[in-house]
Asks: 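This is the structure, below, for whatever I ask next.
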Amino acid sequence: MNKKNLSERDICTKFITPSIVKAGWRKNYHFREEVTFNTFTAGRIIVQGKLYTRGKSKRADYILYYKPNIPIAIIEAKDNKKPVGSGMQQALEYSEILQIPFVFTSNGDSFVFHDKTVESGEIEQEIALDNFPSPEVLWAKYLKYTNLDKEESKEIVEKDYYVDTSGMAPRYYQQNAVNRTIEAIAKGQSKIILVMATGTGKTYTAFNIIYRLWKSGVKKRILFLADRNALLTQTKNGDFSPFGNDIMHIIKNRKIDKSYQIYFALYQGLTSTDEDKNAYKEFSRDFFDLVVIDECHRGSAAEASAWRDVLTYFDSATQIGLTATPKETKDVSNMEYFGEPVYTYSLKQGIDDGFLAPYKVVRITTNVDEGWRPSAGLLDKYGNEIEDRIYNLKDYDRTLAIDERTEIVAKKITEYLKATDRYAKTIVFCTDIDHANRMRQALINENADLVAKNWNYCVKITGDDEVGKQELDNFTDVEERFPVIATTSKMLTTGIDTKMVKFIVLESNIGSMTEFKQIVGRGTRIREAEGKVYFTLMDFRKATNLFADPDFDGDPVQIYQPEPDEPVVPPDEMEGTDEDPDDQTDVVPGGFTPTKPDVGIDDGDTEVRKYYVNNIPVSVVHERVQYYGKDGKLITESLKDYSKKNIKEEFSSLDDFIEKWNESEKKEELIKELAEHGVLLEALREEVGLDLDDFDLICHVAFDQPPLTRQERANNVRKRNYFTKYSETAQKVLNSLLDKYEREGISSIEHGSVLKVQPLSQMGSAVELVRAFGKKKDFEQAIKELENEIYNIA
């Protein structure tokens with residue numbers, strides 16, 4: 001057997017797999033060979049206009065697990081034409097992401113072994129195929145390196161994960177979070193914090209941590225703290241359901257029952273301003289041996305927080321904080337209380353991996369945002385004299401409400417929805433309950449056609465509104481169409497699982513990076529099957545300028561600042577309305593009728609003196625369009641220029657492109673590879689404005705070649721009449737294929753199934769049609785020759 005003639009897959013099957021099996025690694029327990037099991041990212045979503053594709057996902061040839069979900073080694077395979085260590089750099093990159101200590105490469109002759117646990121001496125060495133280390137050898141090395149080799153530590157870190165019979169398993173970053181947390185506990189660390197971006201499954205991660213500790217008996221009584229009732233029920237009935245209701249209990253109305261093992265409680269449900277009514281003190285100080293604090297940025301680290309006393313009271317318990325946004329201010333510090341995070345998975349990493357939705361930003365500025373001053377003695381709508389000073393964004397809707405500004409915000413929100421999807425789930429964040437109510441009213445008037453048919457098209461969801469709170473479940477339900485728009489103050493900023501939210505409007509003065517990140521987190525869930533792959537932030541308060549944090553959040557895929565006369569949506573994104581067939585009535589325009597304000601308190605809002613004015617001229621100013629490309633870098637050139645640059649990175653010249661196009665067995669594979677590098681030909685075709693074949697589009701945009709239409713190319717083939725060398729049946733087949741190319745493009749004739757569709761299927765069976773050319777290879781050669789004729793490739 002000549003190894004040089006073997007493919008990389010053959011090297012794996014014939015040499016690598018037998019070597020590791022001989023060393024004691026069991027297939028389907030310690031490792032899986034299927035591609036899907038070794039693919040650990042989903043591929044970044046690349047957005048261009050209204051189209052998207054996924055970038056290339058990351059995949060290792062082998063990921064070796066000491067036990068399921070406890071990865072310990074990675075192997076990168078290469079064919080035998082390459083040196084044995086040629087895949088090491090890629091393998092090391094993957095090992096950093098996966099937090100794997102042992103890295104191997106092989107070309108079928110031997111292994112190169114990179115040992116991260118070696119602190120001095122021979123870190124990298126070549127070993128024979130027969131000397132691959134066993135699972136026990138590598139695990140013992142790792143435990144010694146991490147100081148986990150004591151028997152009591154080993155007992156903790158070796159406990160099994162929950163086995164989900166549905167096939168659901170933790171993603172790589174969830175494994176990292178669970179394993180690092182379990183290791184920290186095994187070393188005796190009593191306070192731990194995990195930082196994981198919203199939408200990355202913090203509660204599912206928490207379940208896996210708790211399950212391993214509880215199942216092993218290391219932690220027997222657990223308290224899970226959250227800040228919203230909805231979160232408690234959602235957690236208990238969702239991710240934590242495998243524990244069973246018999247051992248789980250939600251503490252309500254400060255009533256304590258000590259017969260359970262896993263408790264759920266609100267922060268505020270255990271504490272009281274009246275010291276004698278602190279419910280948590282009904283438990284003994286050592287009752288719980290594990291306390292998990294969800295959304296711990298909400299106050300767990302604040303010295304002044306009343307319920308910080310809960311953590312102090314249960315200080316003998318291990319305490320794990322979960323947050324998407326660690327709070328660090330001069331007064332409050334999570335790090336001071338919990339220490340450095342044992343693991344961080346950022347929004348930026350989640351977007352890069354393709355597990356979280358990227359976002360666009362539409363920035364809108366009005367002419368009064370920089371300041372407005374009342375004339376002397378001006379009265380508001382209710383007869384109150386307005387204090388004479390300059391009002392700006394910090395004041396609007398907090399101390400001064402301008403009807404026209406509210407109306408123009410509602411118009412722009414509606415304009416965006418009409419240009420994209422009127423049923424896209426939308427959250428409008430307002431300054432307080434009164435503002436949320438007025439914004440709801442303005443949006444109802446702007447969308448009167450849909451509201452007339454569905455009263456709950458737009459609702460206010462705030463802490464004071466029972467009807468609105470009842471609509472929250474419908475708003476978050478993936479299957480429910482209504483409500484579509486929710487106006488809110490603080491209630492939806494954190495913790496609520498809004499999977500289908502595609503549009504977030506910032507119309508509140510955001511006071512902290514923490515709050516901003518939580519708001520952004522409402523849109524990060526991906527629901528690809530339902531068409532949710534990215535979301536849009538519409539910013540009326542300049543919050544995206546103040547709180548940009550590219551290191552954690554990544555950059556938006558697009559920033560758009562429309563001029564007064566420009567549409568609120570870039571032209572390449574407009575799809576028209578997505579209405580029911582009956583919804584073809586005109587939108588009723590509208591300023592709204594003033595109502596006496598209902599200024600309430602929503603999660604800490606305080607009542608302030610507010611003036612209400614109208615008849616103020618308000619207009620929109622500014623525009624700038626910027627895209628973020630495949631690597632997250634800001635680009636300012638047009639989509640055409642951006643695509644030209646990326647195509648030229650892949651193909652050095654026109655001849656290089658034509659050669660690779662000709663060599664490509666399936667043209668759609670080459671097109672897919674371009675898409676993974678940020679070139680979406682459909683979006684590019686739309687911008688160029690010509691219905692060109694993929695080949696001509698690339699030649700025209702990247703290499704300035706005059707384009708031919710598919711009809712022109714097909715007619716040129718017909719004029720050359722090269723079909724005459726084939727039999728009559730074969731000529732009919734080729735002519736039908738040429739017609740199909742003219743209508744649909746080259747990829748339509750590259751599939752073997754093309755012979756099974758009309759009109760070819762009417763000429764005879766696929767076998768009979770192939771026989772008209774001779775053998776199968778003759779038919780394949782005829783298709784290749786047809787492609788060469790189409791593109792006139794010699």
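The analysis underlying the following values was restricted to heavy atoms, covering all of them including side chains, and did not include hydrogens, waters or symmetry mates. Because the structure is a prediction, the values reported are computed rather than measured.
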Asks: Are Leu98 and Ile63 side-chain neighbours, meaning at least one heavy-atom pair lies under 4.5 Å?
Replies: yes
Asks: Does Phe657 have any ring-ring contact (aromatic ring centres under 6.0 Å, His included) partners at least two apart in sequence or in another chain, and if so, which?
Replies: Phe651, Trp661, Phe695
Asks: Do we get Arg26 above Tyr29's six-membered ring, with its NZ or CZ under 6.0 Å from the centre and within 45° of the axis?
Replies: yes
Asks: Counting only heavy atoms not in Lys56 (residues, nucleotides, ligands), do more than 12 fall under 6.0 Å from its NZ?
Replies: no
Asks: Taking only residues two or more places apart in sequence, or in another chain, which ones meet Glu785 in a salt bridge (Lys or Arg N to Asp or Glu O under 4.0 Å)?
Replies: Lys725
Asks: Does a side-chain heavy-atom distance below 4.5 Å link Thr709 with Asp691?
Replies: no
Asks: Quick check: does any side chain N or O of Gln174 sit under 3.5 Å from a backbone N or O of Arg171, one acting as donor and the other as acceptor?
Replies: yes
Asks: Just checking Glu530: does its CD atom have more than 12 heavy atoms from other residues, nucleotides or ligands closer to it than 6.0 angstrom?
Replies: yes
Asks: Find out whether the Lys NZ or Arg CZ of Lys502 is both under 6.0 angstrom from the six-membered ring centre of Tyr423 and within 45° of the ring's axis.
Replies: no
Asks: With sequence neighbours excluded, what pairs up with Lys58 under the salt bridge (Lys or Arg N to Asp or Glu O under 4.0 Å) test?
Replies: none
Asks: Under the criterion ring-ring contact (aromatic ring centres under 6.0 Å, His included), I'd like the reasoning laid out for Tyr359 against Tyr534: C-alpha separation, chi angles, the key distance, then a yes or no.
Replies: CA-CA 5 Å; Tyr359 62 101; Tyr534 66 89; over 10 Å; no
Asks: So do Ile74 and Phe102 actually touch side chain to side chain, heavy atoms under 4.5 Å?
Replies: no
Asks: Describe, in one word, how the ring planes of Phe40 and Tyr94 are oriented to each other, choosing from parallel (under 30°), tilted (30 to 60°) and perpendicular (over 60°).
Replies: perpendicular
Asks: If every non-hydrogen atom of Leu692 is compared with every non-hydrogen atom of Leu708, which pair is closest and at what distance?
Replies: CD2-O, 4.0 Å
Asks: Find out whether Leu92 and Ser95 are in side-chain contact, i.e. whether some heavy atom of one side chain is under 4.5 Å from a heavy atom of the other.
Replies: yes
Asks: Let me confirm one number: the CG-NZ distance from Leu356 to Lys348, rounded to the nearest 0.5 Å.
Replies: 13.0 Å
Asks: If we only count heavy atoms from C-beta on, is the Lys418 to Arg422 side-chain gap below 4.5 Å?
Replies: yes
Asks: Using 0.5 Å steps for rounding, measure from the CG atom of Leu654 to the NZ atom of Lys648.
Replies: 9.5 Å
Asks: With His30, which of Trp25, Phe132, Phe37 fulfils ring pair (Phe, Tyr, Trp, His ring centres under 6.0 Å)?
Replies: Trp25
Asks: Check the pair Lys667, Glu787 against salt bridge (charged side-chain N to carboxylate O under 4.0 Å, His left out), reporting the backbone distance first and the verdict last.
Replies: CA-CA 10 Å; Lys667 304 299 184 285; Glu787 290 181 359; 2.8 Å; yes
Asks: If you count every heavy atom of other residues, nucleotides or ligands that lies below 6.0 Å from Lys776 atom NZ, does the total exceed 12?
Replies: no
Asks: In Å and rounded to the nearest 0.5 Å, what is the OG to CG distance from Ser7 to Asn80?
Replies: 11.5 Å
Asks: With Arg720, which residues qualify under side-chain contact (heavy atoms from CB on, under 4.5 Å), at least two apart?
Replies: Asn716, Val717, Glu789, Asn792
Asks: Examine the side chains of Tyr52 and Glu528 and answer whether a donor and an acceptor come within less than 3.5 Å of each other.
Replies: yes
Asks: To the nearest 0.5 Å, what is the distance between OH on Tyr416 and OG1 on Thr536?
Replies: 2.5 Å
Asks: Above 12 or not: heavy atoms from other molecules or residues under 6.0 Å from NZ of Lys14?
Replies: no
Asks: Would you mind reporting whether Phe31 and Asn38 have side-chain heavy atoms less than 4.5 Å apart?
Replies: no
Asks: Under the salt bridge (charged side-chain N to carboxylate O under 4.0 Å, His left out) criterion, do Lys777 and Glu780 qualify, and how do the steps go?
Replies: CA-CA 5 Å; Lys777 67 176 183 178; Glu780 290 172 348; over 6 Å; no
Asks: Side chains of Asn107 and Asp79: donor-acceptor distance under 3.5 Å anywhere?
Replies: no
Asks: Which residue pairs pass the salt bridge (Lys or Arg N to Asp or Glu O under 4.0 Å) test when at least one of the two sits in residues 735-746, sequence neighbours left out?
Replies: Arg718-Asp739, Arg718-Glu742, Lys740-Glu744
Asks: Please determine whether the number of non-hydrogen atoms from other residues, nucleotides or ligands lying under 6.0 Å from atom NZ of Lys719 exceeds 12.
Replies: no
Asks: Could you tell me if the side chain of Ile504 sits less than 4.5 Å from the side chain of Met538, heavy atoms only?
Replies: no
Asks: Does Gln90 use its side chain to pair, donor to acceptor, with the backbone of Gly87 at less than 3.5 Å?
Replies: no
Asks: Are any non-hydrogen side-chain atoms of Phe355 and Thr200 less than 4.5 angstrom apart?
Replies: no
Asks: Looking at Glu663, I'd like to know if its CD atom is crowded, meaning that more than 12 non-hydrogen atoms belonging to other residues, nucleotides or ligands lie closer than 6.0 Å.
Replies: yes
Asks: OH/Tyr741 to CG/Leu786 distance, rounded to the nearest 0.5 angstrom?
Replies: 9.5 Å
Asks: Give a yes-or-no answer on whether the side chains of Thr724 and Gln731 include a donor-acceptor pair shorter than 3.5 Å.
Replies: no
Asks: Would you check, one step at a time, whether the test salt bridge (charged side-chain N to carboxylate O under 4.0 Å, His left out) holds for Lys27 with Glu34?
Replies: CA-CA 11 Å; Lys27 192 173 181 179; Glu34 296 92 333; over 6 Å; no
Asks: Using the rule side-chain hydrogen bond (donor to acceptor under 3.5 Å, both in side chains), only one of Asp352, Thr53, Asp353 pairs with Arg44; which is it?
Replies: Asp352
Asks: Does the side chain of Glu76 come under 3.5 Å of the side chain of Thr105 through a donor N or O and an acceptor N or O?
Replies: no
Asks: Answer yes if the side chains of Gln705 and His700 hold a donor-acceptor pair under 3.5 Å, and no otherwise.
Replies: no
Asks: Quick one: list whatever passes side-chain contact (heavy atoms from CB on, under 4.5 Å) with Leu681, sequence neighbours left out.
Replies: Ile671, Val679, Leu684, Arg685, Asp694, Leu697, Ile698
Asks: Is there a salt bridge (charged side-chain N to carboxylate O under 4.0 Å, His left out) between Lys660 and Asp655? Walk through the geometry before answering.
Replies: CA-CA 9 Å; Lys660 288 177 180 174; Asp655 289 341; over 6 Å; no
Asks: Quick check: closest heavy atoms across Gly523 and Ala357, and the distance to 0.1 Å?
Replies: O-CB, 3.9 Å
Asks: Within a radius of less than 6.0 Å around NZ of Lys672, do more than 12 heavy atoms belonging to other residues, nucleotides or ligands occur?
Replies: no
Asks: Salt bridge or not between Asp130 and Lys22? Use side-chain N to carboxylate O under 4.0 Å.
Replies: yes
Asks: Please report the C-alpha distance between Asp61 and Glu33 in whole Å, then the side-chain angles of each, then the deciding distance to 0.1 Å, and finally whether the side-chain contact (heavy atoms from CB on, under 4.5 Å) criterion is met.
Replies: CA-CA 8 Å; Asp61 291 310; Glu33 284 192 299; over 6 Å; no
Asks: About how many Å separate NZ of Lys81 and OG of Ser86, when rounded to the nearest 0.5 Å?
Replies: 12.5 Å
Asks: Take Val84 and Phe111 through the side-chain contact (heavy atoms from CB on, under 4.5 Å) test and state the conclusion after the steps.
Replies: CA-CA 7 Å; Val84 63; Phe111 290 99; 5.7 Å; no
Asks: Consider only side-chain N and O atoms of Asn662 and Tyr791, and report whether a donor and an acceptor are under 3.5 Å apart.
Replies: no
Asks: Ignoring hydrogens and angles, state whether a donor on the side chain of Asp656 or Ser653 is under 3.5 Å from an acceptor on the partner side chain.
Replies: no
